[in-house]
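Okay, so here's the structure we're looking at.
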Amino acid sequence: MQARAYAGVVARRTVLFALVAALAVVGTSCGDGDERPSDAAWQSDWATVSALVPTEQALIDGGRELCDAVLADLHEQTPALLPTPSELLDDPVRQWIEHAEAIAFECPIDNTEARTSRYHELSILSAEISAGLAADAEV
């Protein structure tokens with residue numbers, strides 16, 4: 001009697017394992033996680049997220065309360081930016097996200113030189129992303 005019960009458990013586990021393996025193969029072959037968004041769809045998300053970072057003066061005026069709100073918004077919105085439309089944009093976008101979050105996290109940055117430097121780096125990354133999008137459009 002115990003042997004029959006054990007055989008039933010093994011059979012159910014075998015079927016369950018085969019089902020999980022089949023679903024994994026189907027999910028992998030569909031490539032849902034590897035698809036990149038269109039330039040137009042991604043640019044809409046990019047415009048929304050990049051607008052979350054306040055100007056230097058607004059950051060100074062808004063203080064910690066604004067910075068906390070910006071950081072929360074960035075954490076909520078930035079997942080929409082990855083993947084990007086092109087592999088070439090992945091690294092600059094990741095770096096942009098890191099810099100934007102650092103600005104909001106370190107806020108208020110009392111050191112004017114450090115704050116200006118962070119914003120300058122962010123603008124360089126934004127320009128790199130814009131250039132990458134323009135190059136994508138030409139292809």
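The shortest heavy-atom contact between Ser38 and Pro85 is O-CG, 4.1 Å. The minimum heavy-atom distance linking Glu35 with Pro83 is given by the pair O-CG, 3.5 Å. Taking every heavy atom of both residues into account, Pro92 and Glu128 meet most closely at CG-OE2, 3.3 Å. Ser50 and Ala47 make their closest contact through OG-O, 3.4 Å (heavy atoms, listed as atom of the first residue, atom of the second, distance).
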task = Determine, step by step, whether Asp61 and Gln57 satisfy the side-chain hydrogen bond (donor to acceptor under 3.5 Å, both in side chains) criterion, reporting the C-alpha distance in whole Å, the side-chain angles of both residues, the deciding distance to 0.1 Å, and the verdict.
result = CA-CA 6 Å; Asp61 295 343; Gln57 190 58 50; 2.9 Å; yes

ask   = Would Arg64 and Cys107 count as a side-chain contact (heavy atoms from CB on, under 4.5 Å) if you check the C-alpha gap in whole Å, the side-chain angles of each, and the deciding distance to 0.1 Å?
value = CA-CA 6 Å; Arg64 186 74 243 167; Cys107 177; 3.9 Å; yes

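Checked against side-chain contact (heavy atoms from CB on, under 4.5 Å), Ala102 has the following partners two or more places apart in sequence or in another chain: Glu106, Arg118.
Of the possible polar contacts, none joining the Thr116 side chain to the Glu113 backbone as a donor-acceptor pair under 3.5 Å is found. With Thr48 contributing its side chain and Ser44 its backbone, the two residues share a donor-acceptor pair below 3.5 Å.
Grouped by direct or indirect side-chain proximity (heavy atoms under 4.5 Å, Ile/Leu/Val/Met/Phe/Trp/Tyr only), Leu74 sits with Trp42, Trp46, Val49, Leu52, Val53, Leu59, Leu66, Val70, Leu81, Leu82, Leu89, Val93, Trp96, Ile97, Ile103, Tyr119, Leu122, Leu125, Ile129, Leu133.
The list of ring pair (Phe, Tyr, Trp, His ring centres under 6.0 Å) pairs with a residue in residues 49-88, not counting sequence neighbours, is empty.
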